[in-house]
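Quick note: numbers below take in every heavy atom, side chains included, and nothing from hydrogens, waters or symmetry partners.
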Amino acid sequence: KKYACKNKKCQGRDILYEPNTGFAFNRISFTTSFVVYLIMQKFLLGTPIYRLKEIFEYKNIDIKYNSILNYIINAGKKINRLIELMTEKQFSDETTIKYVDETTMSLTNPGFLENGKKRKKSYVYCSVDEYRTVYKFTNSRSSEWLYTLIDKMTGVLFIVTDDYSGYNNLPLETHQNCMCHVRRRFVKAYYEAPKEVRDTLDSSARYCISLIDELFLIEREIKNYSIKEKYKVRNSERTKSIISKLKDYLEKINPPQGSYMEDAKKYALSNWDNLWTYLKDGRVSISNQIAENKIKKACMIRNNSIIINNQ
């Protein structure tokens, strides 16, 4: 804005210029709040851009499709450093618990692999702690970004994940695998069995599910307990006997080769040591359900974001 004295004696010498404020980008007359509205509609509510354009047309606002897309992309570039700082803050020097999960994200132009072939898909990682949720876009499923942040830590980090091999190099003593993933495999094996066997004592899958459900029942009972009280209950004879029964049973049974039950048994025993890290600290969860619930937001906009060219 430009201000000048109306007195003719000034002859335009004392002109004051007020810089534009509140605008998201240079040479664009849209405020930051408007761009935030576009981002919320696109990524939080899953509104397609063509539908946003139609909404503005109903309100006699003329905004081109490509303009809306460019506003969103430019906003992403501007807040990229903020996201990096939030991610670094998550992995501070203090003792923390992180829940991490990932999902695929198809883009129009996701880039190329090292061998020159076009990359088919990209990935979105979700990192959750007590205070914030950070989504990390990567061109590959590699977890190198996670290890880079962990290496900077001097404190203790408990991290809860699924069985993806990219997490295999995490410290064994502080890495918790999701118990829900174990249970899902036994549920699949349960439905593979004939109907007349499923709910009988002969059902191996049903027995394993019942033992795992007892562990989750304990977690529900101590949900509002203090950290010390949770630690005490988790390391009681009640919990230890359930774990012992489950392991003894899995080592004893010999399910048919190639069956879902064999897959469930191998999965549980191969991740056995990582399934009980939560017993060491009352703050750690038995499952990764927290991160899985957060990553659903990325899954819900997956088809809506397929037209996006790149990160």
Run Thr103 and Tyr123 through side chain to side chain contact (heavy atoms under 4.5 Å, CB included) and show every step you take.
CA-CA 6 Å; Thr103 187; Tyr123 293 85; over 6 Å; no
Could you tell me which non-hydrogen atom of [X] sits nearest to which non-hydrogen atom of [Y], and how far apart they are?
X: Tyr267; Y: His181; answer: OH-CB, 3.4 Å
X: Leu275; Y: Ala268; answer: CD1-O, 3.8 Å
X: Ile295; Y: Val124; answer: CD1-O, 3.7 Å
X: Tyr278; Y: Arg234; answer: O-NH1, 2.8 Å
X: Val284; Y: Gln176; answer: CG1-CB, 4.2 Å
X: Asn288; Y: Val160; answer: OD1-O, 3.2 Å

Using 4.0 Å as the upper bound for N to carboxylate O, is an ion pair formed by [Y] and [X]?
X: Arg185; Y: Asp263; value: yes
X: Arg183; Y: Asp213; value: yes
X: Arg51; Y: Glu57; value: no
X: Glu219; Y: Lys223; value: no
X: Arg184; Y: Glu292; value: yes

Verdict with supporting geometry, Ser287 and Phe216, side chain to side chain contact (heavy atoms under 4.5 Å, CB included)
CA-CA 9 Å; Ser287 73; Phe216 278 102; 4.3 Å; yes
Side chain to side chain donor-acceptor pair (under 3.5 Å) assessment of Glu262 paired with Ser259:
CA-CA 5 Å; Glu262 183 192 40; Ser259 65; 5.3 Å; no
Taking the side chain as every heavy atom from C-beta outward, state whether [X] and [Y] have any pair of such atoms under 4.5 Å apart.
X: Tyr190; Y: Cys208; result: no
X: Leu69; Y: Ser67; result: no
X: Tyr99; Y: Ser285; result: yes
X: Ile212; Y: Met179; result: yes
X: Lys42; Y: Ile72; result: yes
X: Glu102; Y: Tyr167; result: yes
X: Leu211; Y: Glu214; result: yes
X: Asp129; Y: Ile97; result: no

Test your reading of the model: is there a side-chain donor-acceptor pair from [X] to the backbone of [Y], 3.5 Å cut-off?
X: Ser244; Y: Ser241; result: no
X: Asn235; Y: Leu279; result: yes
X: Asn271; Y: Asn274; result: no
X: Thr174; Y: Phe158; result: no
X: Lys294; Y: Thr133; result: no
X: Glu251; Y: Asp248; result: no
X: Trp276; Y: Trp272; result: yes
X: Thr277; Y: His175; result: yes

Apply ring-ring contact (aromatic ring centres under 6.0 Å, His included) to Tyr249 and Tyr207, showing your working.
CA-CA 9 Å; Tyr249 186 76; Tyr207 180 70; 4.7 Å; yes
Should [X] and [Y] be counted in the same cluster of Ile, Leu, Val, Met, Phe, Trp and Tyr side chains packed under 4.5 Å apart?
X: Leu269; Y: Val187; result: yes
X: Tyr50; Y: Ile68; result: yes
X: Tyr58; Y: Ile63; result: no
X: Ile227; Y: Tyr225; result: no
X: Ile222; Y: Leu217; result: no

Within 45° cone of Tyr260 ring axis and under 6.0 Å: Lys188 NZ or CZ:
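Cation-pi check for Lys188 and Tyr260: passes.
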Carefully, step by step, assess Ile218 and Ile242 under the rule side chain to side chain contact (heavy atoms under 4.5 Å, CB included).
CA-CA 11 Å; Ile218 294 173; Ile242 297 171; 3.9 Å; yes
Going from [atom1] on [X] to [atom2] on [Y], what distance comes out if it is rounded to the nearest 0.5 angstrom?
X: Ile39; Y: Gln41; atom1: CD1; atom2: CD; answer: 11.5 Å
X: Asn177; Y: Asp273; atom1: CG; atom2: CG; answer: 10.0 Å
X: Ile286; Y: Cys178; atom1: CD1; atom2: SG; answer: 9.0 Å
X: Thr47; Y: Glu54; atom1: OG1; atom2: CD; answer: 11.5 Å
X: Lys232; Y: Ser226; atom1: NZ; atom2: OG; answer: 10.0 Å
X: Ile73; Y: Lys78; atom1: CD1; atom2: NZ; answer: 14.5 Å

Fit a plane to each ring of Phe34 and Phe56, take the angle between them on a 0 to 90° scale, and name the class: parallel (under 30°), tilted (30 to 60°) or perpendicular (over 60°).
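Ring orientation of Phe34 relative to Phe56: tilted.
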